[in-house]
Amino acid sequence: MLSNMAHRPWQVFCRVSWSHRSRFPQPCLGWQTVGMCNSWSRPLDCRAASLAVVKVHFYSTFGNRKDGPPRLPSDPAEKVAAKPNINTPGSPLKGLTKAETIQVKVRAVLKKREYGAKYTQNNFITAVRAMNEFCLKPSDLEHLRKIRRRSPHDDTEAFTVFLRSDVEAKALDVWGSQEALARERNLRKEVEREYQENIFRSQQLLKEYKDFWGNTRPRSGKRTTFLQGPGKVVMVAICINGLNFFFKLLAWVYTGSASMFSEAIHSLADTCNQALLALGISQSVRNPDAGHPYGFSNMRYIASLISGVGIFMMGAGLSWYHGIMGLLHPEPIESLLWAYCILAGSLVSEGATLLVAINEIKRSAQNHGLSFYEYVMQSRDPSTNVVLLEDTAAVLGVIMAAGCMGLTSLTGNPYYDSLGSLGVGTLLGTVSAFLIYTNTEALLGRSIQAERVQKLTEFLENDPAVRAIHDVKATDMGLSKVRFKAEVDFDGRVVTRSYLEKQDIDQILNDIQQVKTPEDLENFMLKHGENIIDTLGAEVDRLEKELKQRNPEVRHVDLEIL
């Protein structure tokens, strides 16, 4: 018997003790079924059982300990509940007054499902994707299961999707095999490519037709951008600097002054750079497309960066070169009367443009709650900043050139004029370095002010559905647009309560009472678990919508569930 016991599993283990008080042999009990526990081993040897009364204790290892039997119940009520009724007729334990038993409880566990590395059976797919990716027609989708899901877009309440597995099965049914489906996809890609080429040719023909007959369409919004704000400042600067370049060029040809040559090059550089800024402004107001989902607002920073590089190479470089050549090979200067008159006119015009830029920056800084200095240093409006700095450099350059030319006229020494050219070049180099630095910082993804980030974070933390906010990133995208991203730790209890508030509690209680088997429990949990996840998604949409409404500058919100 002891040898038999050595091979018994721990899941059902018994302790056998011998009692010599009984003189009469008792029937062999073996391994009986007690309560909910089944006997898994073969019976004990009946010859050993005939010598004494067998006292059997059953244990289960479904407890806290893994290496042996758990403790016996210490509660008397628990012991009474565990004892079988030995007086019941037909009971296998009748006559064993000394025997004690424990009811074994087996915990039911659902079998874990293995989904594998790639599982798409529960994926949803829209009708457009189904027709494009699986080469189906609308009539092929009519008889498939349609599912209404919450829309990811703000202007749509819900939309219809299909199970990807149903769409794949329908595609195989229509095309017969995966190879035939792949051939059809390649054929449609070739047709789409030819279609795009035809569209391009048609657009070119339409453009030629409109150029021939005249474009009668109403003016687009791009033209209105040059009638106000930064666009207006840039257009005024282009006109004035173009005229200044023309007159300064005539003065240099007449006098041969190195300082006047630097001023002419300075005005030419300003005109070219501001034309580039106008191109950047017109491109920045374009609507987002599939290739650029966040729009083209950074085109202003790109144009300003190229402008800074152009000022450094064309303005500063040529001014330094001409000044150095004047020092190495000084030449006498003709009468500077006309040059002084042109510089005076340039000073007035450049000053007028500078005042326009200053007024525009003051208005924009006041709208953003910033000081004039902070607005310029942070390059919130790169186009206006470029005009401001260029015109400031132009005014200072005119004063510097006029002073050096005056010293040359008084002393007759042409070296002063060459030094004026070097001074103007140095001034332009300083402006270009500042523009390159500020616009590079903006293009790298500069954060907004800490106070504004704190304001956005506090709004989310004050919501009852949110427990904590982590990894906050608020990036300035230009044109007063902000992209906000954060990891949000949602309170599952609040989300679940929000779901229950919209449900029929009596119906849920009735569904709970119908749960009898693990399969029923699984179906119940899957149904309500999916609905709770949808409620969580709705909470995310609500927070994003309210965040945009309270902060109009926030255009893109990415809340990730932690």
Side-chain angles (χ1 to χ4, degrees), residues 105 107-113 115 119 121-126 145-164 452-474 482-562:
K105 296 182 180 179
R107 180 167 59 91
V109 181
L110 289 177
K111 183 179 179 181
K112 183 179 180 181
R113 295 185 180 181
Y115 295 101
Y119 183 80
Q121 297 301 314
N122 60 345
N123 285 8
F124 291 142
I125 187 172
T126 60
R145 287 178 292 178
K146 299 178 179 62
I147 304 170
R148 297 288 290 176
R149 300 294 298 168
R150 180 176 51 85
S151 174
H153 306 289
D154 296 337
D155 55 350
T156 307
E157 292 296 331
F159 68 119
T160 303
V161 293
F162 303 88
L163 274 175
R164 185 186 181 94
R452 298 172 64 191
V453 176
Q454 182 65 24
K455 177 183 176 182
L456 299 175
T457 304
E458 289 179 352
F459 166 74
L460 292 177
E461 289 178 338
N462 292 336
D463 193 275
V466 178
R467 288 191 293 196
I469 303 294
H470 305 281
D471 193 22
V472 177
K473 294 182 177 66
V482 176
R483 181 181 179 183
F484 182 82
K485 176 261 178 186
E487 300 276 353
V488 183
D489 185 4
F490 282 91
D491 191 336
R493 294 178 179 270
V494 175
V495 175
T496 305
R497 187 176 291 107
S498 176
Y499 166 70
L500 292 176
E501 290 174 354
K502 303 174 184 178
Q503 304 302 316
D504 186 356
I505 300 299
D506 294 335
Q507 181 62 36
I508 295 179
L509 291 175
N510 185 40
D511 293 342
I512 294 175
Q513 293 174 359
Q514 300 299 324
V515 174
K516 303 298 182 183
T517 64
E519 290 76 13
D520 296 339
L521 178 62
E522 180 182 9
N523 294 331
F524 177 83
M525 294 300 297
L526 290 178
K527 172 186 175 182
H528 293 282
E530 182 179 13
N531 294 336
I532 291 176
I533 294 299
D534 291 339
T535 303
L536 178 60
E539 291 292 324
V540 174
D541 292 342
R542 177 183 62 82
L543 289 176
E544 291 179 351
K545 186 176 182 180
E546 292 182 0
L547 193 64
K548 292 179 181 179
Q549 290 177 348
R550 292 174 178 265
N551 304 275
E553 73 277 7
V554 179
R555 300 293 181 88
H556 305 283
V557 181
D558 300 322
L559 299 183
E560 300 181 4
I561 301 173
L562 184 61

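Basis for what follows: all heavy atoms, side chains included, without hydrogens, waters or symmetry-related copies. The structure displayed is predicted, hence computed values, not measured ones.
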Of all heavy-atom pairs between P464 and D491, which one has the smallest distance, and what is that distance?
->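 Heavy-atom minimum between the residues: O-CB, 4.2 Å.
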
Hey, is R149 close enough to E530 for a salt bridge, meaning N to O under 4.0 Å?
->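 Answer for the salt bridge query: yes.
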
Walk me through it: do E539 and V466 pass the test side chain to side chain contact (heavy atoms under 4.5 Å, CB included)?
-> CA-CA 10 Å; E539 291 292 324; V466 178; over 6 Å; no

Once you round to the nearest 0.5 Å, how far does [atom1] of [X] lie from [atom2] of [Y]?
X: R555; Y: R483; atom1: CZ; atom2: CZ; value: 14.5 Å
X: E544; Y: L460; atom1: CD; atom2: CG; value: 9.5 Å
X: L547; Y: F484; atom1: CG; atom2: CZ; value: 6.0 Å
X: T496; Y: E501; atom1: OG1; atom2: CD; value: 11.0 Å
X: E487; Y: D558; atom1: CD; atom2: CG; value: 10.5 Å
X: D520; Y: I512; atom1: CG; atom2: CD1; value: 12.5 Å

Report, as yes or no, whether the 6.0 Å neighbourhood of atom CZ on R542 holds more than 12 heavy atoms from other residues, nucleotides or ligands.
->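 Enclosed.
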
Sidechain-backbone polar pair: S498 side chain, V494 backbone, donor-acceptor under 3.5 Å =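 Absent.
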
So, does N510 use its side chain to make a donor-acceptor pair with the main chain of D506 at under 3.5 Å?
->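 No: the side chain of N510 does not pair with the backbone of D506.
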
Do Q507 and D511 get their side chains close enough for a donor-acceptor pair, meaning under 3.5 Å?
->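 Their side chains do contain a donor-acceptor pair, which is all the 3.5 Å distance test asks for.
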
In sequence, state the C-alpha distance, the side-chain angles, and the governing distance for I508 and F524, and then conclude on side chain to side chain contact (heavy atoms under 4.5 Å, CB included).
-> CA-CA 9 Å; I508 295 179; F524 177 83; 4.1 Å; yes

Does any non-hydrogen side-chain atom of [Y] lie less than 4.5 Å from one of [X]?
X: R452; Y: E553; answer: yes
X: L163; Y: R145; answer: yes
X: V557; Y: K545; answer: no
X: T160; Y: R148; answer: yes
X: K485; Y: D471; answer: yes
X: V488; Y: I469; answer: yes

Test log, rule side chain to side chain contact (heavy atoms under 4.5 Å, CB included), inputs R550 and L456 = CA-CA 9 Å; R550 292 174 178 265; L456 299 175; over 6 Å; no

List the steps and the verdict of salt bridge (Lys or Arg N to Asp or Glu O under 4.0 Å) for K455 and E458.
-> CA-CA 5 Å; K455 177 183 176 182; E458 289 179 352; over 6 Å; no

Positive for side-chain contact (heavy atoms from CB on, under 4.5 Å) with F490, one of L543, D463, L562 |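 Among L543, D463, L562, the one that satisfies the side-chain contact (heavy atoms from CB on, under 4.5 Å) with F490 is L543.
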
